Amino acid sequence: VQLQASGGGSVQAGGSLRLSCAASGRTFSSYFMGWFRQAPGKEREFVAGISVSGGSPDYINSVKGRFTISRDNAKNMVFLQMNSLKPEDTAVYYCAAAGGGSIYSPISYRFWGQGTLVTVSS
C-alpha cells in the first residue's frame with residue numbers, strides 16, 4: 001500500500017483543516033488506518049485511528065471533540081477533519097496503515113505517507 005497525505009496548511013487558532021490520505025492498492029480496505037503527528041523536537045504520536053469497517057474511531061485525549069477521522073474504502077481514502085485548531089496542534093501529520101500490534105505505537109504501522117505540515121498560529 002502506498003499512501004499520500006495532503007491538505008495541510010497554515011491557519012489561525014480556532015480554524016479548521018481537512019487532511020486527506022489517498023491509498024493505492026486493492027488491500028487498503030483490510031488495514032486499520034491511523035493518523036500520527038510529529039512536532040519539532042518531539043516524538044511521533046498517535047492522533048486518531050479507525051478500524052477496517054470505519055467504526056470505533058479512537059483519538060488521543062487532546063483532540064477528542066475537535067478531530068474526526070473517517071474513511072471511504074470505495075475510494076481508498078482516509079480523512080482527518082480538524083476543527084478548533086490550537087497552536088499545539090502544529091506538526092507534520094502522517095497517515096499510516098497498521099500491520100499489527102498496538103494501534104498507538106508507530107512501530108505497529110507498516111506503511112506511511114510522506115506527511116503534510118499543519119501550522120496553527122495564535
Side-chain angles (χ1 to χ4, degrees):
V1 176
Q2 291 185 323
L3 304 173
Q4 184 168 0
S6 62
S10 296
V11 297
Q12 291 189 329
S16 298
L17 285 172
R18 188 190 195 210
L19 304 185
S20 299
C21 178
S24 63
R26 290 176 290 179
T27 59
F28 166 79
S29 60
S30 65
Y31 287 96
F32 182 99
M33 296 297 297
W35 283 97
F36 284 75
R37 66 186 179 187
Q38 188 165 18
K42 295 187 176 181
E43 294 186 351
R44 191 168 297 188
E45 67 172 353
F46 172 86
V47 175
I50 190 165
S51 66
V52 167
S53 67
S56 303
D58 200 359
Y59 302 92
I60 192 173
N61 284 339
S62 61
V63 309
K64 285 182 179 178
R66 300 189 297 121
F67 291 12
T68 302
I69 188 172
S70 61
R71 68 189 295 164
D72 185 337
N73 288 336
K75 296 182 178 180
N76 281 10
M77 298 287 292
V78 63
F79 306 97
L80 185 67
Q81 178 67 44
M82 306 186 296
N83 299 327
S84 301
L85 282 161
K86 303 176 180 180
E88 51 264 42
D89 295 318
T90 294
V92 177
Y93 284 72
Y94 300 88
C95 59
S102 169
I103 65 168
Y104 305 109
S105 173
I107 65 173
S108 299
Y109 288 75
R110 183 177 179 185
F111 303 103
W112 289 86
Q114 84 287 5
T116 184
L117 177 63
V118 172
T119 303
V120 185
S121 59
S122 58

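Treat the numbers as computed from the prediction; the structure is a model and nothing was measured. Excluded from the calculations below are hydrogen atoms, water molecules and symmetry mates; all remaining heavy atoms, backbone and side chain alike, are included. Index from 1, following the sequence.
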**Q** Is there a continuous path of hydrophobic side-chain contacts, each under 4.5 Å between heavy atoms, that joins Ile60 to Leu80?
**A** yes
**Q** Checking Asp89 now: which residues fulfil side-chain hydrogen bond (donor to acceptor under 3.5 Å, both in side chains) with it, not counting sequence neighbours?
**A** Arg37, Arg66
**Q** Any disulfide bond (SG atoms under 2.5 Å apart) pairs touching residues 55-85, not counting sequence neighbours?
**A** none
**Q** Starting from Met82, can I reach Val92 by hopping between I/L/V/M/F/W/Y residues whose side chains sit under 4.5 Å apart?
**A** no
**Q** Please tabulate, for side-chain N and O atoms in residues 5-17, each donor-acceptor pair with protein atoms closer than 3.5 Å (sequence neighbours left out).
**A**
residue	atom	partner	partner atom	Å
Ser16	OG	Asn83	OD1	2.9

**Q** Ile69 and Trp112: same hydrophobic cluster, using ILVMFWY side-chain contacts below 4.5 Å?
**A** no
**Q** Give a yes or no on whether Val118 and Val78 share a hydrophobic cluster (residues Ile, Leu, Val, Met, Phe, Trp, Tyr; joining criterion: side-chain heavy atoms under 4.5 Å apart).
**A** yes
**Q** Is the NZ or CZ atom of Arg44 both under 6.0 Å from the centre of the six-membered ring of Tyr94 and within 45° of that ring's axis?
**A** yes
**Q** If you look at every heavy atom in Asn76 and Gly25, which pair is closest and at what distance?
**A** ND2-O, 3.0 Å
**Q** Can you see which heavy atom on Tyr59 is nearest to which on Lys64, and at what distance?
**A** O-CE, 3.3 Å
**Q** Atom OH of Tyr31 and atom CG of Leu3: how far apart are they, to the nearest 0.5 Å?
**A** 9.5 Å
**Q** For the residue pair Arg71 and Val52, what are the closest heavy atoms and their distance?
**A** NH1-CA, 3.6 Å
**Q** Where do Pro87 and Ser121 come nearest, in terms of heavy atoms and distance?
**A** CG-C, 4.5 Å
**Q** My understanding is that a hydrophobic cluster links ILVMFWY residues whose side chain heavy atoms are under 4.5 Å apart, including indirect links. Using that, what else belongs to the cluster containing Phe79?
**A** Met77
**Q** Please name the pair of heavy atoms, one in Val47 and one in Phe36, separated by the smallest distance, quoted to 0.1 Å.
**A** CG2-C, 3.9 Å
**Q** Please give me the minimum heavy-atom distance between Asn73 and Phe28, naming the atom from each residue.
**A** OD1-CE2, 3.3 Å
**Q** Taking distance alone, no hydrogens or angles, what donor-acceptor pairs closer than 3.5 Å link side-chain atoms of residues 95-106 to residues at least two apart or in another chain?
**A**
residue	atom	partner	partner atom	Å
Ser102	OG	Tyr104	N	3.2
Tyr104	OH	Asp58	OD2	2.2
Ser105	OG	Ile107	N	3.3

**Q** Quick one: sort the Tyr93 and Phe67 rings into parallel, tilted or perpendicular, breaks at 30° and 60°.
**A** tilted
**Q** With the 4.5 Å side-chain cut-off for hydrophobic clustering, are Leu19 and Phe32 part of the same group?
**A** no
**Q** Donor-acceptor check, side chain of Thr90 to backbone of Val120, threshold 3.5 angstrom: yes or no?
**A** yes
**Q** Just to verify, what does Gln114 make a side-chain hydrogen bond (donor to acceptor under 3.5 Å, both in side chains) with, not counting sequence neighbours?
**A** none
**Q** So with a 6.0 Å cut-off around CD of Glu88, is the heavy-atom count from everything else above 12?
**A** yes
